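The structure presented is a predicted model; accordingly, all values stated were derived computationally and were not measured. Quick note: numbers below take in every heavy atom, side chains included, and nothing from hydrogens, waters or symmetry partners.
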Amino acid sequence: ASDVYKRQEVSGRIITLTIGARGGEITFISVYAPPADHKIEEKQKFYDELTKTIQEARGMVYIGGDFNARLYERLEHEKEVIGPYILERKGYITTQDKGKGVGDKTRENRDLFIDFLKTNDLCAINTMIEKEPRKRVTYKEKVPANNPCSEEYTGENIGPYDHKKYCLLYTSDAADD
C-alpha cells in the first residue's frame, strides 16, 4: 500500500505529490510551463522553481506535464536529451530565412526546455518511444497556415491528441540508496 506523504503547490505552474511505496518514496511533479508569448522573466522563474523543486524532492522523481516547447528538429548536440520520435520539420529551427521557421518566442521556449533538460541531466522520454505521428502532436495551431501539410494536422482545430506533451524521468541519488 502506498501512503501520501506530502502534497505541495510550488506555484500555479508546479505541483508535487510524494508517496511511500515498497521501494521507498516517489515524488511526482506536474508542470505547465509558460506559453511562448509570456515574458522571459516568467519563463526563467518557472525553470528556476522547477530545478529547485527537483533538488528538494525525495526518492525517485517523475516529472510530467506541458512544457510548451515545440521541438520540430533534433539537433546533433541535443541527441542525449531529445529522442528521434518527434514530429520533425527539418530546417524549421535552423533556417535563417526571415519569415520562415520558428518565431523568436517559440524558439526561446524550446531553448529553455533543452537547457533545462541538459542542466538537470534529464531527457524527454516521450521522444524516445516510437509512436504513430498523430500521437507526437498535442496541439494544433489556431492559424491553419502555420500547420504543416501532414495527416496529423488535418481537420478542425481540436484539443490535444495526447495529454502528455513531454514526459520526463529523473532518478535522484537518493533512489540509489
Side-chain angles (χ1 to χ4, degrees), residues 1-75 77-87 93 102 105-131 135-140 159-177:
S2 61
D3 297 313
V4 174
Y5 290 154
K6 182 179 178 185
R7 182 197 78 63
Q8 179 185 11
E9 185 177 338
V10 177
S11 70
R13 295 189 174 278
I14 304 170
I15 191 167
T16 68
L17 177 71
T18 302
I19 63 171
R22 274 191 180 168
E25 295 178 335
I26 302 171
T27 299
F28 298 94
I29 303 173
S30 180
V31 303
Y32 177 62
D37 61 350
H38 286 227
K39 293 182 179 177
I40 183 67
E41 295 82 12
E42 180 183 351
K43 296 174 191 182
Q44 192 58 58
K45 180 181 176 189
F46 165 79
Y47 281 107
D48 291 345
E49 287 175 341
L50 181 53
T51 297
K52 183 178 178 199
T53 301
I54 292 168
Q55 292 167 348
E56 294 174 352
R58 299 177 356 202
M60 185 168 270
V61 179
Y62 294 90
I63 307 165
D66 186 344
F67 284 87
N68 278 309
R70 298 186 184 159
L71 301 176
Y72 294 130
E73 285 186 75
R74 184 170 73 141
L75 305 178
H77 67 279
E78 299 169 346
K79 290 187 176 182
E80 290 181 17
V81 297
I82 300 298
Y85 302 107
I86 61 174
L87 190 64
I93 297 299
V102 70
K105 295 277 190 178
T106 300
R107 177 63 188 251
E108 183 177 85
N109 271 25
R110 182 188 189 282
D111 291 347
L112 287 167
F113 179 63
I114 298 292
D115 289 347
F116 166 76
L117 293 173
K118 287 181 173 187
T119 299
N120 291 284
D121 197 26
L122 301 172
C123 66
I125 293 294
N126 202 32
T127 67
M128 305 286 181
I129 302 165
E130 188 172 8
K131 56 198 157 297
K135 293 283 188 174
R136 298 178 195 176
V137 178
T138 60
Y139 177 76
K140 288 172 63 172
Y161 295 108
D162 183 337
H163 294 288
K164 292 180 261 176
K165 189 157 193 168
Y166 301 106
C167 180
L168 310 177
L169 170 62
Y170 171 84
T171 307
S172 68
D173 293 335
D176 296 332
D177 295 338

Lys45 NZ: over 12 foreign heavy atoms closer than 6.0 Å
no
Run the side-chain contact (heavy atoms from CB on, under 4.5 Å) check on Phe46 and Asn68 step by step: do they pass?
CA-CA 12 Å; Phe46 165 79; Asn68 278 309; over 6 Å; no
Please give me the minimum heavy-atom distance between Leu50 and Ile14, naming the atom from each residue.
N-CD1, 3.6 Å
Distance in Å, Leu112 CG paired with Leu117 CG, rounded so as to fall on 0.5 Å steps
11.0 Å
So which heavy atom on Ala57 is nearest to which on Val61, and how close?
CB-CG2, 3.5 Å
I'd like to know if the side chain of Asn109 reaches the main chain of Pro34, judged simply by a donor and an acceptor atom lying under 3.5 Å from each other, with no hydrogens or angles considered.
yes
If you compare all heavy atoms of Arg74 against all heavy atoms of Gly83, which two are closest, and at what distance to 0.1 Å?
CD-O, 3.2 Å
Are Glu73 and Glu78 side-chain neighbours, meaning at least one heavy-atom pair lies under 4.5 Å?
no
So Tyr47 and Phe67, would you call those rings parallel, tilted or perpendicular, with 30° and 60° as cut-offs?
parallel
Nearest atoms (heavy-atom pairs only) where Leu17 meets Arg7:
CD1-CB, 4.2 Å
Side chain of Arg13, backbone of Tyr32: donor and acceptor closer than 3.5 Å?
yes
Please check if the number of heavy atoms outside Glu80 that lie under 6.0 Å from its CD is greater than 12.
no
Within a reach of under 6.0 Å around NZ of Lys79, are more than 12 heavy atoms found that belong to other residues, nucleotides or ligands?
yes
Point-to-point distance, once rounded to the nearest 0.5 Å, from NE2 of His38 to CD of Glu108:
12.0 Å
Nearest 0.5 Å please: distance from the CD atom of Glu41 over to the NZ atom of Lys39.
7.0 Å
For Leu71 versus Arg110, what's the shortest heavy-atom pair and its separation?
O-NE, 2.9 Å
Is Ile82 close to Phe113 at the side-chain level, that is, under 4.5 Å between some pair of heavy atoms?
yes
For Ile86 against Tyr72, the heavy-atom pair lying closest together:
CD1-C, 3.8 Å
Rounded at 0.5 Å granularity, tell me how far CG in Leu122 sits from CZ in Phe116.
5.0 Å
Pro35 backbone acceptor or donor facing Lys105 side chain under 3.5 Å
no
Once you measure the plane-to-plane angle for Phe28 and Tyr62, does it fall in the parallel (<30°), tilted (30-60°) or perpendicular (>60°) bin?
parallel
Distance in Å, Thr53 OG1 paired with Ile29 CD1, rounded so as to fall on 0.5 Å steps
6.0 Å
Nearest 0.5 angstrom please: His77 NE2 to Ile114 CD1, how far?
7.5 Å
Test your reading of the model: is there a side-chain donor-acceptor pair from Thr27 to the backbone of Arg58, 3.5 Å cut-off?
yes
Could you tell me whether a side-chain N or O of Asp3 sits under 3.5 Å from a main-chain N or O of Tyr5, the two making a donor and an acceptor?
no
